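Just below is one structure, and these are the notes that go with it.
Everything quoted here is computed from the prediction, not taken from an experiment. Atom set for the values below is all heavy atoms of this structure, side chains included, hydrogens, waters and symmetry mates excluded.
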Amino acid sequence: MTPANLADTVLSAARAVFETRGLDVALLPAATTVERPRNPEHGDYASNLALQVGKKAGVVPRELATALAEELRRRAGVEAVEIAGPGFLNIRLDDASLGAIARLVVEAGSAYGHNSALSGEKVNLEFVSANPTGPIHLGHTRWAAVGDSLRRVLTAAGAEVTSEYYINDAGAQVDRFARSLFAAANGEPAPEDGYVGDYITEIAKEITDADPGLVGQPAEQALPIFLARGYELMLKEIRESLERFGVHFDVWFSEQTLHGGGAVEHAIEELRKQGHIFEDGGAIWLRTTDFTDDKDRVLIRSNGEKTYFAADAAYYINKRERGFDRCIYLLGADHHGYIGRLKAIAACAGDDPQKNIEILIGQLVNLVRGGQPVRLSKRAGNIITLDEMLDAVGPDAARYSLARSSTDSTLTLDIEEITKNSSDNPVFYVQYAHARICSLLRNAEEKKINRAEVYDPSRLSHERERNLLKTLGEFPGVVATAAELREPHRIAVYLEERVATDYHRFYDACQVLPKGDEPVSEFAQSRLWLAEATRTVLANGLDLLGVSAPERM
RNA sequence: GCGCUCGUAGCUCAGCGGAUAGAGCAGUGGACUUCUAAUCCACCGGUCGCAGGUUCGAAUCCUGCCGGGCGCGCCA
């Protein structure tokens with residue numbers, strides 16, 4: 001019996017109690033949940049339903065709990081029910097009922113943990129979107145790891161997700177980039193407002209190696225070429241770094257295509273139809289203060305130039321016209337000021353800003369080296385790139401350390417810790433559990449012990465077996481919550497603190513295969529089922545994080 | 001000044017109103033001739049920033065204050 005099944009059972013028992021007592025069944029919630037108590041003396045699962053509805057129904061919670069307990073004890077699979085505190089129900093399942101989880105997991109395989117909460121929803125998930133004027137660095141990397149994991153989690157919840165990277169290739173910063181390349185190619189110092197760093201000289205060299213005639217050319221002729229070629233090379237490098245990181249984007253969307261293709265004009269027309277466009281001082285404005293913005297925003301400046309905001313509006317409208325029900329933006333905390341105006345764009349376009357647009361703000365990453373703060377600056381050229389991090393620790397450790405904590409908290413990474421002491425990374429604790437199971441399954445095969453022959457769920461009665469079973473049963477709930485709250489770090493916390501821990505503890509206490517010449521124990525088959533079920537959950541969970549599940553370590 | 005956000009063990013972080021607030025690292029002490037010791041077990045470590053409020057119950061929700069980060073252009 002899974003926690004979801006048990007919750008349904010508790011609810012149906014409550015209905016029975018309400019009916020026999022003549023209480024209003026409508027007071028019961030549509031759904032309830034059971035919790036796993038921290039204290040093992042409080043049973044396998046606990047329900048607080050009596051506490052939640054007792055008062056509403058005019059019954060003392062403990063009295064309601066007593067009646068509920070009596071009813072629950074009659075249900076199949078329930079071994080014992082106790083009432084505790086103000087009205088908690090502490091429920092213990094029998095071994096066979098709990099053990100059934102392992103079979104369920106193994107049979108579901110790679111689909112275990114998936115759900116259909118978001119099925120039918122077309123989601124556009126935009127993240128990273130770093131300017132194509134420099135390599136991907138640690139500041140962007142958190143969103144790459146979290147965003148890609150969120151893509152996987154939402155997909156597991158049934159959504160049809162398109163991951164998208166918005167390329168800011170239309171503004172002044174790409175001109176600065178081109179002038180920086182031009183200067184480097186001609187051996188001149190970087191322009192005042194330009195970009196510095198080895199990557200500038202490397203890209204400049206790559207361009208001039210392919211076309212030596214560019215050196216010494218006047219700026220008017222050379223700059224467009226440096227811009228086009230540099231942009232192309234930079235984007236290629238960004239794309240390769242992200243692919244190496246295991247982060248995939250379905251769509252690379254160029255801002256230029258909005259400006260050149262009439263998309264901004266089209267967006268202004270759409271917004272005008274909704275009645276939120278006005279002119280003032282020769283500029284065209286969007287009255288975002290009709291909704292959730294603190295000031296109105298200019299779309300077309302009085303000199304006729306389109307603003308960045310105009311592109312934002314056009315981009316949003318473009319996404320909606322491509323059929324996305326939900327446009328999710330993953331932004332760093334330094335962009336939180338955009339929430340109001342982006343939401344207002346959706347509202348001005350006649351959409352529901354609560355549903356069609358969603359802006360997730362994540363706190364930034366702080367870097368320290370040996371405890372001392374490190375200030376990174378692209379201008380100063382001391383940035384730490386994604387590639388450098390990958391060279392130092394590899395994609396698994398990098399992704400895991402960035403994806404395991406909530407984006408609500410500023411993450412402090414110590415460069416010394418992650419580069420020197422990578423074996424301390426908890427990702428290896430999780431991966432090791434998976435590799436250990438694979439080794440066990442290989443040994444079983446060698447000893448010709450076939451898991452599939454027998455599965456007796458009531459054999460798994462050891463406390464550590466029961467704990468592991470309960471943990472495996474939680475996975476679908478963890479995935480569902482991670483999807484609902486857009487918090488993929490919950491997967492990592494669960495794998496690390498629950499699954500891997502409970503497996504290692506089980507492994508320590510429960511021998512599976514015979515030692516030496518001993519006969520095969522009565523537990524072997526059932527424990528192999530449990531091991532395979534655990535392996536399935538670890539593999540599925542690691543996949544949601546974009547981390548590999550190695551068979552050997 | 002206005003707004004957003006964060007504040008939990010020495011450090012890095014969990015904890016979508018539930019019972020005695022958890023984990024890793026660091027520190028101390030144990031467990032490998034036997035399925036992978038990248039493991040397990042025990043100990044040490046807390047006024048959940050502060051003060052009120054909401055209620056059967058608050059680290060969690062609300063208000064105020066203190067402290068850190070960030071944002072407030074016809075810039076991109």
Syn or anti: how is B:rC32 classified when any glycosidic angle within 90° of 0 counts as syn? syn
Students often mix this up, so state it plainly: with edges at 30° and 60°, are the rings of A:Y308 and A:Y166 parallel, tilted or perpendicular? perpendicular
Below the 4.0 Å mark, does [N] have OP1 or OP2 next to a side-chain nitrogen or oxygen of [X]?
{"X": "A:Y432", "N": "B:rA38", "result": "yes"}
{"X": "A:R436", "N": "B:rC35", "result": "no"}
{"X": "A:S405", "N": "B:rC13", "result": "no"}
{"X": "A:T412", "N": "B:rC13", "result": "yes"}
{"X": "A:R527", "N": "B:rC35", "result": "no"}
{"X": "A:Y338", "N": "B:rA76", "result": "no"}

Flag the pair A:Y432 / A:H504 as yes when their ring centroid distance falls below 6.0 Å, and as no otherwise. yes
Any side-chain donor-acceptor pair under 3.5 Å between A:Y315 and A:E255? no
With no hydrogens and no angle check, just 3.5 Å: does a side-chain donor-acceptor pair link A:T471 and A:R36? yes
A:S302 side chain: which of B:rG15, B:rC74, B:rC35 is closest? B:rC74
For the residue pair A:I345 and A:F309, establish whether any side-chain heavy-atom pair is separated by less than 4.5 Å. yes
Close side-chain approach of A:Y165 and A:I238, heavy atoms under 4.5 Å: yes
Crowding at CD, A:Q256 (>12 non-hydrogen neighbours, <6.0 Å): yes
Would you say that more than 12 heavy atoms from the other residues, nucleotides or ligands in this model lie under 6.0 Å from the NZ of A:K448, or not? no
Please state the [atom1] separation for the pair [N] and [M] - nearest whole angstrom.
{"N": "B:rG69", "M": "B:rC62", "atom1": "P", "result": "24 Å"}
{"N": "B:rU55", "M": "B:rG73", "atom1": "P", "result": "42 Å"}
{"N": "B:rU28", "M": "B:rC6", "atom1": "C1'", "result": "34 Å"}
{"N": "B:rU47", "M": "B:rG64", "atom1": "P", "result": "27 Å"}
{"N": "B:rC16", "M": "B:rC61", "atom1": "C1'", "result": "12 Å"}
{"N": "B:rC50", "M": "B:rC11", "atom1": "P", "result": "16 Å"}
{"N": "B:rG10", "M": "B:rG46", "atom1": "C1'", "result": "12 Å"}

What residues 469-476 of chain A contributes to the RNA chain B interface at heavy-atom separation below 4.0 Å is none
Watson-Crick and G-U pairing of RNA chain B written in dot-bracket, each distance under 3.5 angstrom, with | for inter-strand partners: (((((((..((((....[...)))).(((((.......))))).....(((((..]....))))))))))))....
From CA spacing to verdict: side-chain contact (heavy atoms from CB on, under 4.5 Å), A:D44, A:I91: CA-CA 6 Å; A:D44 295 321; A:I91 304 163; over 6 Å; no
Over all strands shown, is A:H335 touching base, sugar-phosphate only, or nothing at heavy-atom distances under 4.0 angstrom? nothing
Using a 4.0 Å heavy-atom cut-off, does A:K295 contact any base of the nucleic acid, only the sugar-phosphate backbone, or nothing at all? sugar-phosphate
Between A:E445 and A:R442 (salt bridge meaning N to carboxylate O under 4.0 Å), is one present in this structure? no
Just by distance, do the side chain of A:N48 and the backbone of A:F88 share a donor-acceptor pair under 3.5 Å? no
What string of B, S and - do you get for nucleotides 18-27 of chain B 5' to 3' if you count protein non-hydrogen atoms under 4.0 Å? BBB-SS----
Which pairs of donor and acceptor atoms, one on a side chain in residues 507-520 of chain A, lie under 3.5 Å apart (sequence neighbours left out)?
{"unit_1": "A:Q511", "atom_1": "NE2", "unit_2": "A:L513", "atom_2": "O", "d": "3.0"}

Nucleotide N/O of nucleotides 5-9 of chain B paired with protein N/O under 3.5 Å:
{"unit_1": "B:rU5", "atom_1": "O2'", "unit_2": "A:Q363", "atom_2": "NE2", "d": "2.8"}

Which is it for A:T133 and A:R176 under the side-chain contact (heavy atoms from CB on, under 4.5 Å) test, yes or no, and what are the steps along the way? CA-CA 9 Å; A:T133 55; A:R176 296 212 309 262; over 6 Å; no
Mind checking what makes side chain to side chain donor-acceptor pair (under 3.5 Å) contact with A:S548, not counting sequence neighbours? A:D396, A:Q431
